[in-house]
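I'd like to ask you about the structure that follows.
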There are 2 protein chains.
Amino acid sequence: MTENPGSSVRGAALRKLVLDTALERFSRDGYFNTSIHDIRRQAGVSIGSIYHHFGNKEALAKALYDDLLQRMDAGLAEVMQRESGCRARCDGIIAFMFRAATEAPQTMRFVLEARHREFLPDEPPVCSSRPFRRMRECIEQGIQAGEVRPMEIPVAATAAFGGAIRLLHLHLDGVLEKPLAHYLTETQETAWRAIAMPPADYP
Amino acid sequence: MTENPGSSVRGAALRKLVLDTALERFSRDGYFNTSIHDIRRQAGVSIGSIYHHFGNKEALAKALYDDLLQRMDAGLAEVMQRESGCRARCDGIIAFMFRAATEAPQTMRFVLEARHREFLPDEPPVCSSRPFRRMRECIEQGIQAGEVRPMEIPVAATAAFGGAIRLLHLHLDGVLEKPLAHYLTETQETAWRAIAMPPADYP
DNA sequence: TACATTAGAACGAACGTTCGGTACGGTTTT
DNA sequence: AAAACCGTACCGAACGTTCGTTCTAATGTA
């Protein structure tokens, strides 16, 4: 475990340690199955420290949530800046999500699977957070540029990324036989087929 | 409210009343934000009755979960029996889910959004439940029949229904502008485009 | 009478949180 | 330079509340 009885950890390092521990427990057992005392024990810090840094349990979860969403958004922003054109960007977004779910499954689980509204009642739903808005905007631009069929935005956006996201869920639930990367290119191609503008001589 | 102080409700009717109340509260506030005492108060029954019929809180949730999954599976079975051919069945499945999410949003929320593993630790993930297995089988048969492109089953299945399911989530989160039905046919067409076998003279 | 069902007061455990306290570096006062 | 003071960080025993559950008595039903 991450026991740390001597507690040489202080300040910002302690804050980070608590956040890391909270992520591990929240994503594994869920928010309500994890007590502050659990986090205290595993992180090897005191109850007082946790309350000093975060105020209360809900604020700890919110700090974690904001942190992860922002990191995820930064990743997507980097994709959007590196790639140009809707197709390349969609592929990049899907690849990024697959990589994130493989390398940081706990983060992905907490962002994607947790029912945030149950413990953060004032938070808007995940689907209206920055990362998800970015995906929708990408599709909107694709339609305007003529790369993507003209269609209802929600339909296009969910068609483009819904398959990939469901595959992510399967991966996080441990029901996929092969590693995520094995399904990447096929997922990208399939997603694009669903929304791509057909060639001009299409029947 | 569903107050019922006089309590003429007994036996099977009482059991049903408790299940209905539990569904409403679980889907609105979540399992952990709903206490047995809450359900008792709203249903107008006694603590003793609840424990007599269900044993404990977890078993109540499991009874509800099994009930809803079975009802959903029956709906899907009916679609599979009525329709023949992969395309018609996929369309039927998506239409069924849209209808269910519109007419019984609480049911859909509990089946689709709740993190069951957090309160039913011994339950397999939703994605391996009967209804979801049915969807995957439908796609598998489509591939064998030559209606669907030969591809990895998980990719094909998530491509076929992932978009629709994400749209369901958007609907349940209340972020869609128009009623679900408005997006139905476009969702069906888009899903099919993603997985359909291309015509023989395809480049 | 016998059995199944309902009633609700009571209990113990677990939880989130509080609060009086220590430790310590920096700043002001003497 | 020493003393007094201050604010921040950390500690953990203790508190009040809530929750799931139990238990015994009462009640309806056959």
Side-chain angles (χ1 to χ4, degrees), chain A residues 2-23 25-26 28-65 114 116 118-122, chain B residues 2-26 28-65 114 116 118-123:
Chain A
T2 328
E3 281 297 341
N4 181 31
S7 177
S8 54
V9 187
R10 293 176 67 89
L14 187 144
R15 190 187 145 93
K16 173 106 172 49
L17 173 61
V18 171
L19 280 176
D20 288 347
T21 309
L23 171 59
R25 300 299 298 243
F26 285 169
R28 200 187 65 193
D29 303 329
Y31 176 84
F32 292 103
N33 287 323
T34 303
S35 73
I36 292 289
H37 295 270
D38 288 337
I39 295 173
R40 184 213 70 78
R41 195 178 316 117
Q42 179 169 339
V45 303
S46 73
I47 292 277
S49 300
I50 297 179
Y51 276 86
H52 174 74
H53 280 281
F54 298 100
N56 57 43
K57 188 185 180 185
E58 191 177 313
L60 166 58
K62 172 135 175 59
L64 181 59
Y65 184 55
H116 309 101
E118 288 185 14
F119 51 90
L120 298 175
D122 300 332
Chain B
T2 328
E3 281 295 343
N4 179 32
S7 177
S8 54
V9 187
R10 291 178 64 87
L14 186 144
R15 189 189 146 93
K16 174 108 173 49
L17 173 61
V18 171
L19 279 176
D20 288 347
T21 309
L23 171 59
E24 186 193 323
R25 301 298 298 242
F26 285 169
R28 199 188 65 195
D29 304 329
Y31 177 85
F32 292 102
N33 287 322
T34 304
S35 73
I36 292 288
H37 296 271
D38 288 337
I39 295 174
R40 184 212 70 78
R41 193 178 315 117
Q42 179 169 338
V45 302
S46 73
I47 292 276
S49 299
I50 296 179
Y51 275 86
H52 174 74
H53 281 281
F54 297 99
N56 58 44
K57 188 186 180 185
E58 190 176 313
L60 166 58
K62 171 134 176 58
L64 180 59
Y65 183 55
H116 309 103
E118 288 185 15
F119 51 90
L120 298 176
D122 298 331
E123 206 66 13

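Throughout, protein chains are lettered first and strands after them, A, B, ... in sequence-line order, and every chain is numbered starting at 1.
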When you compare the side chain of A:Arg40 with that of A:Ser35, does any pair of heavy atoms fall below 4.5 Å? no
So, do A:Asp29 and B:Glu118 sit near enough that their side-chain heavy atoms are less than 4.5 Å apart? no
Among D:dT21, D:dC11, D:dC19, which is the nearest nucleotide to the side chain of B:Ser35? D:dC19
Round to the nearest Å and state the distance from B:Arg41 atom CZ to C:dA7 atom P.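 Spelled out: CZ on B:Arg41 to P on C:dA7 is 15 Å.
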Whole-Å distance between C:dT18 C1' and A:Lys57 NZ? 17 Å
A:Ser46 side chain N/O closer than 4.0 Å to the phosphate oxygens (OP1, OP2) of D:dG12? no
Return the value, rounded to whole Å, for the distance between atom CZ of A:Phe54 and atom P of D:dA9. 12 Å
A:Arg40 has an atom CZ; how far is it from atom P of C:dA14, in whole Å?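 Answer to the nearest Å: 15 Å.
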Just verifying a value: how many Å separate B:Ile39 CD1 and B:Asp20 CG, rounded to the nearest 0.5 Å?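 Rounded to the nearest 0.5 Å, the CD1-CG separation comes out at 11.5 Å.
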Round to a whole Å and report the spacing from CD1 of B:Ile50 to P of C:dA7.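 After rounding, the gap between these two atoms is 10 Å.
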So which heavy atom on A:Tyr51 is nearest to which on A:Asn56, and how close? CE2-CA, 3.7 Å
Kindly say if B:His53 contacts the phosphate of C:dA4, meaning a side-chain N or O under 4.0 Å from OP1 or OP2.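 Looking at the OP1 and OP2 atoms of C:dA4, neither is under 4.0 Å from any side-chain N or O of B:His53.
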Short side-chain N/O contact from B:His52 to OP1 or OP2 of C:dT5, under 4.0 Å: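 Indeed, a polar side-chain atom of B:His52 lies that close.
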At what distance, to the nearest 0.5 angstrom, does CG of B:Asn33 lie from CZ of B:Phe26?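 One gets 11.0 Å once the value is rounded to the nearest 0.5 Å.
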Where the side chain of A:Ile36 is concerned, which of D:dG20, D:dC10, C:dG16 is the nearest nucleotide?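 Nucleotide nearest to A:Ile36's side chain: C:dG16.
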Could you grab the distance from atom NE2 of B:His53 to atom CG of B:Leu14, nearest 0.5 Å is fine?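 With rounding to 0.5 Å, NE2 (B:His53) is 5.0 Å from CG (B:Leu14).
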Please state how far atom CZ in B:Phe119 lies from atom P in D:dG20, giving the value in whole angstrom units.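 Atom CZ in B:Phe119 sits about 13 Å away from atom P in D:dG20.
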Using the ring of B:Tyr31 (Phe, Tyr or Trp, six-membered ring only), decide whether B:Lys57 places NZ or CZ under 6.0 Å from its centre and within 45 degrees of its axis.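 Geometry flag: set, cation within 6.0 Å and 45°.
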Between atom CD in A:Glu58 and atom P in C:dG16, what is the gap in whole Å?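 Answer to the nearest Å: 12 Å.
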Whole Å only: how far is the NE2 atom of B:His37 from the P atom of C:dG8?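 That distance rounds to 13 Å.
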Contacts under 3.5 Å, N or O only, protein and nucleotides 22-27 of chain D:
none

Closest to side chain of A:Val45, choosing from D:dT21, D:dC11, C:dG16: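 That would be D:dC11.
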